[in-house]
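Residues take their numbers from the sequence shown, with the count starting at 1.
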Amino acid sequence: MTDLHFAETIGQPGAPLVVTFHGTGGNEMQFHGLARDLMPAAHVVSPRGQVSEGGMNRFFRRKAEGVYDMDDLARRVEDMAAFLTSAKERSGADRVIALGYSNGANIAAAVAFRYPGIFDEMVLMHPLIPWTPNPQPGLKGRRILITAGRADPICPAPQTDALADWLTAQGADVTLEWHAGGHEIRPEELTALSRFVTSTQNQ
């Protein structure tokens, strides 16, 4: 990825690699510290989206709210997959965990749809996938946590349910955690995230 900005913290040998993906308007530091707090021994890599929308960082272009530029998304997926492969090789990690919010969750999911072997576990906070992906048997057995708000105006609950159902149909091990609010990240989501990461560490 040309001129990609990212934050990187080198962890202990043999520790997992956590890759964090910020939401629209965020940057590489939005969840970098959270990942370090949750998994102090881990390698953490946090890329910054290369698309600017009104001065806000994003990982791919969109034509309107919930309407993605699918050609641009396809290009960004290829670039991100190459970056992630390099980051994994650099860290020497055997396990890779994605942690993404909103637009960051969407790019992580889109990478997994195309390259299911990159991530072993995924945390998708408030994702919005407004299309039905092609079947992907490579997702079988992947652990995925989805967190969402029942009243989220940006990521409607029916589409979150549809994504969870699609992932389950691919054989993924999906956990769906709801809160009663909207697009904001609430404490119960962080509790679910901590629980998910802890169970990952104990495997």
Inset, instruction - Using atom types as modelled and distance alone, determine if a side-chain donor or acceptor of R62 lies under 3.5 Å from a backbone N or O of A64. - result: no
Legend entry - Sub-6.0 Å ring centroid separation between F60 and Y68: yes
Inset, instruction - Enter the distance from Q30:CD to S102:OG here, rounded to the nearest 0.5 Å. - result: 9.0 Å
Inset, instruction - Kindly determine whether E121 and R95 satisfy salt bridge (Lys or Arg N to Asp or Glu O under 4.0 Å), including the steps that lead there. - result: CA-CA 8 Å; E121 289 89 26; R95 303 183 72 81; 2.3 Å; yes
Legend entry - Exceeds 12 heavy-atom contacts within 6.0 angstrom, atom CG of D94: no
Legend entry - L34 vs L190 side-chain heavy atoms within contact, under 4.5 Å: yes
Inset, instruction - Check whether any side-chain heavy atom of V19 lies under 4.5 Å from a side-chain heavy atom of V96, and answer yes or no. - result: yes
Inset, instruction - Step through it carefully: locate the ring centre of F83, locate the ring centre of F6, and say whether they are under 6.0 Å apart. - result: yes
Inset, instruction - Check whether any side-chain heavy atom of V67 lies under 4.5 Å from a side-chain heavy atom of P130, and answer yes or no. - result: no
Inset, instruction - Keeping the roles fixed (side chain from H43, backbone from G11), state whether a donor-acceptor pair exists under 3.5 Å. - result: yes
Legend entry - H5 side chain to E28 side chain, donor-acceptor N/O pair below 3.5 angstrom: no
Legend entry - Donor-acceptor contact below 3.5 Å, side chain T85 vs main chain A81: yes
Inset, instruction - Could you check if a side-chain atom of F113 sits within less than 4.5 angstrom of a side-chain atom of Q136, using non-hydrogen atoms only? - result: no
Inset, instruction - Rounded to the nearest 0.5 Å, what's the gap from CG on L163 to CH2 on W131? Could you check? - result: 9.0 Å
Legend entry - Straight-line distance of L84 CG to R90 CZ, nearest 0.5 Å: 10.0 Å
Inset, instruction - Determine yes or no for a side-chain-to-main-chain donor-acceptor pair under 3.5 angstrom, with S91 supplying the side chain and K88 the backbone. - result: yes
Inset, instruction - Mark yes or no for whether E184, through its side chain, and G182, through its backbone, hold a donor-acceptor pair below 3.5 Å. - result: yes
Legend entry - For F119 against A112, the heavy-atom pair lying closest together: CD1-CB, 4.3 Å
Legend entry - Spatial distance of atom CZ (R36) from atom OG1 (T9) [nearest 0.5 Å]: 5.0 Å
Inset, instruction - Evaluate the side-chain contact (heavy atoms from CB on, under 4.5 Å) criterion for residues W166 and T132: first the C-alpha distance (whole Å), next the side-chain angles of each, then the deciding distance (0.1 Å), finally the verdict. - result: CA-CA 8 Å; W166 182 86; T132 301; 4.2 Å; yes
Inset, instruction - Using modelled atom types only, decide if a donor and an acceptor are shared between the side chain of D69 and the backbone of K63 within a distance under 3.5 Å. - result: no
Inset, instruction - May I ask you to decide if C155's main-chain N or O and H126's side chain share a donor-acceptor pair within less than 3.5 Å? - result: no
Inset, instruction - Give a yes or no on whether the backbone of A172 and the side-chain of Q170 come within a donor-acceptor separation of less than 3.5 Å. - result: no
Legend entry - Ion pair check, R142 and D120, cut-off under 4.0 Å: yes
Inset, instruction - Nearest 0.5 Å please: distance from the OG1 atom of T191 over to the CZ atom of F196. - result: 15.0 Å
Inset, instruction - Determine yes or no for a side-chain-to-main-chain donor-acceptor pair under 3.5 angstrom, with E78 supplying the side chain and R75 the backbone. - result: no
Legend entry - Transitive ILVMFWY side-chain link I154 to I129, under 4.5 Å: no
Inset, instruction - State, with a plain yes or no, whether a side-chain heavy atom of N57 is found less than 4.5 Å away from one of V51. - result: no
Legend entry - ILVMFWY network linking M125 to M56, side-chain heavy atoms under 4.5 angstrom: no
Inset, instruction - Check whether the side chains of N27 and H22 place a donor and an acceptor atom closer than 3.5 Å, and report yes or no. - result: no
Legend entry - Sub-4.5 Å side-chain heavy-atom contact between T175 and I146: no
Legend entry - From CA spacing to verdict: ring pair (Phe, Tyr, Trp, His ring centres under 6.0 Å), F21, Y101: CA-CA 7 Å; F21 300 90; Y101 166 63; over 10 Å; no
Legend entry - Pairwise side-chain contact, L124 with I144, heavy-atom cut-off 4.5 Å (strictly under): yes
Legend entry - N106 side chain vs L128 backbone, donor-acceptor pair below 3.5 Å: yes
Legend entry - L176 side chain reached by D161 side chain, heavy atoms, under 4.5 Å: yes
Inset, instruction - Taking all non-hydrogen atoms of both residues into account, name the closest pair between T20 and A35 and its distance. - result: CG2-CB, 3.7 Å
Legend entry - Stepwise side-chain hydrogen bond (donor to acceptor under 3.5 Å, both in side chains) test for S46 and H32: CA-CA 6 Å; S46 304; H32 193 83; 2.7 Å; yes
Legend entry - Test salt bridge (Lys or Arg N to Asp or Glu O under 4.0 Å) applied to R195 and E188, step by step: CA-CA 10 Å; R195 186 168 59 244; E188 52 264 47; over 6 Å; no
